[in-house]
2 protein chains.
Amino acid sequence: MKTNGVKLDERDLRIIEILQREGRLSKSELARRVHLSSTPCWERLRHLEDAGIIEGYEARVSLKAFGPLTQVVVTVELESHLPADFARFERAIQDHPEIHECDSLGGGIDYILKVLARDLESYQAFMDQLLSAGLGIRRYFTYVVTKPVKRSPPPVTRLTGPEGRKISP
Amino acid sequence: MKTNGVKLDERDLRIIEILQREGRLSKSELARRVHLSSTPCWERLRHLEDAGIIEGYEARVSLKAFGPLTQVVVTVELESHLPADFARFERAIQDHPEIHECDSLGGGIDYILKVLARDLESYQAFMDQLLSAGLGIRRYFTYVVTKPVKRSPPPVTRLTGPEGRKISP
DNA sequence: CCTGAAATCTATAGGTA
DNA sequence: TACCTATAGATTTCAGG
């Protein structure tokens with residue numbers, strides 16, 4: 001990984017913070033918010049994007065609007081922990097849009113998945129298919145999401161020191 | 001909840017799909033992509049936003065760029081399952097930006113949290129503080145995220161029938 | 001759903017401290 | 001280096017068909 005560090009000052013962090021919550025704000029309004037004229041603000045934003053600090057922008061969709069839908073959290077333990085087995089599982093995960101979140105975990109659970117399905121029946125049909133795919137899944141646990149309690153952008157700007165800080169893109 | 005259903009056709013779903021991945025696409029380019037001129041496309045988008053189907057837009061930030069950071073998945077079980085206890089816990093969750101995801105679950109775990117911290121030490125300090133806050137947490141399990149495997153927009157447009165479908169906003 | 005046009009925004013050029 | 005103003009070209013928004 002290249003570690004050509006980049007200094008981000010308070011203004012850069014503020015730009016990030018604003019766009020994490022209002023991703024489609026116009027560049028001119030953004031400039032107003034951070035007390036800059038449009039050019040330097042535009043240059044800062046371009047830098048944040050080019051450096052890969054801002055990776056992209058996403059519309060956030062209301063699941064309720066499309067409801068009824070079923071969200072499920074699934075924990076997965078694999079049969080075997082050889083690197084090739086992990087790799088095969090992780091590759092397969094990418095092919096299934098139903099799985100929209102997956103993290104590898106330490107501490108007794110190998111993976112945690114977040115699955116979106118029309119209902120529990122189609123969730124189970126999906127899992128049956130996944131289990132039959134020869135991915136070396138030893139066991140899994142299903143936890144239905146009964147209520148989404150909170151979803152907010154990762155607080156990256158709060159975890160960086162108060163003064164300018166090196167960032168590795 | 002008002003259930004004034006709204007019909008979404010293929011074009012609307014396509015608009016949603018595109019903006020879920022390219023949230024800052026210009027409206028004129030969006031119109032090009034869905035083979036419309038800019039006015040009707042603009043009207044459709046405005047409707048999706050006004051109806052709350054598209055809730056907002058977010059910049060996606062690279063956690064690696066801000067690294068080293070520690071992501072932790074935490075499962076929580078409460079002492080007591082009275083509605084007031086759930087409510088108190090859920091209210092408290094909102095006040096902590098470190099917790100950027102929280103879902104209420106069925107199946108033996110009450111809540112699952114996603115916590116972002118600078119390192120394991122500050123994660124533990126945060127949890128100690130949360131445990132001392134009198135939220136009725138009986139026990140919790142910590143699973144460090146060793147590798148983010150996948151993150152993609154929820155596939156809402158795939159879960160809706162092929163023809164126009166009623167949506168409740 | 002279209003065209004057209006005024007208001008606004010974007011991206012760049014050129015200049016100051 | 002970091003900021004500014006000015007401006008041509010693109011985009012957004014809306015009126016009218």
Check: Side chain of A/Trp42: nearest nucleotide among C/dC9, C/dT10, C/dA13?
Finding: C/dT10

Check: Any luck finding a side-chain donor-acceptor pair between A/Ser80 and A/Asp85 under 3.5 Å?
Finding: yes

Margin query: How many whole angstroms separate atom NE2 of B/His47 from atom C1' of D/dT13?
Written below: 18 Å

Notebook entry, point to check: Roughly, in whole Å, what's the span from CZ in B/Arg44 to C1' in C/dC1?
Noted result: 10 Å

Margin query: Check this for me, if you would: do A/Glu17 and A/Arg14 make a salt bridge, where the nitrogen-to-carboxylate-oxygen distance has to be below 4.0 angstrom?
Written below: yes

Check: When the distance from CG of B/Leu45 to P of D/dT11 is rounded to whole Å, what number comes out?
Finding: 16 Å

Item checked: Position toward the 5' end of DNA chain D (nearest nucleotide), B/Lys27 or A/Pro40 -> A/Pro40

Margin query: Side-chain N or O of A/Arg32 versus OP1/OP2 of C/dT8: is the shortest distance under 4.0 Å?
Written below: no

Notebook entry, point to check: Has the side chain of A/Ser38 got a donor or acceptor that lies under 3.5 Å from a partner of the other kind on the base of C/dC9?
Noted result: no

Check: Rounding to a whole Å, what distance do you find between A/Leu25:CG and C/dT8:P?
Finding: 16 Å

Check: Of the non-hydrogen atoms in B/Leu120 and B/Thr70, which two are nearest, and what is the gap between them?
Finding: N-OG1, 3.9 Å

Next item on the list: Would you mind reading off the distance between B/Leu36 atom CG and D/dT12 atom P, rounded to a whole angstrom?
Entry: 15 Å

Margin query: Determine whether B/Lys147 and A/Glu90 satisfy the following criterion, salt bridge (charged side-chain N to carboxylate O under 4.0 Å, His left out), listing intermediate values before the conclusion.
Written below: CA-CA 11 Å; B/Lys147 181 183 176 185; A/Glu90 292 173 21; 2.5 Å; yes

Notebook entry, point to check: Side chain of A/Ser28, base of C/dT8: donor and acceptor closer than 3.5 Å?
Noted result: no

Margin query: When the axes are fitted on five pairs at both termini, how much does the helix from C/dC1-D/dG17 to C/dA17-D/dT1 curve, in 10° steps?
Written below: 30°

Note to self: Using modelled atom types and a 3.5 Å cut-off, is there a donor and acceptor pairing between side-chain atoms of A/Asp103 and backbone atoms of B/Val145?
What the structure shows: no

Check: Counting side-chain heavy atoms from C-beta on, which of D/dC3, C/dT10, D/dT5 comes nearest to A/Ser26?
Finding: C/dT10

Item checked: Spacing between A/Glu43 atom CD and D/dC3 atom P, to the nearest angstrom -> 9 Å

Next item on the list: Between D/dT12, C/dT10, C/dT3, spot the one nearest the side chain of B/Arg24, thanks.
Entry: C/dT10

Note to self: Check the orientation of B/Tyr111 and B/Phe86. Use parallel for under 30°, tilted for 30 to 60°, and perpendicular for over 60°.
What the structure shows: perpendicular

Notebook entry, point to check: A/Ser37 has a side chain; which of D/dT13, C/dC2, D/dT5 sits nearest to it?
Noted result: D/dT5

Notebook entry, point to check: Taking OP1 and OP2 of D/dT12, is either one under 4.0 Å from a side-chain nitrogen or oxygen of B/Arg46?
Noted result: no

Check: Hey, does the side chain of B/Arg11 reach the backbone of B/Val34 with a donor-acceptor pair shorter than 3.5 angstrom?
Finding: yes

Next item on the list: Look at the side chain of A/Arg11 and decide which nucleotide, out of D/dT11, C/dT12, D/dC3, has an atom nearest to it.
Entry: D/dC3

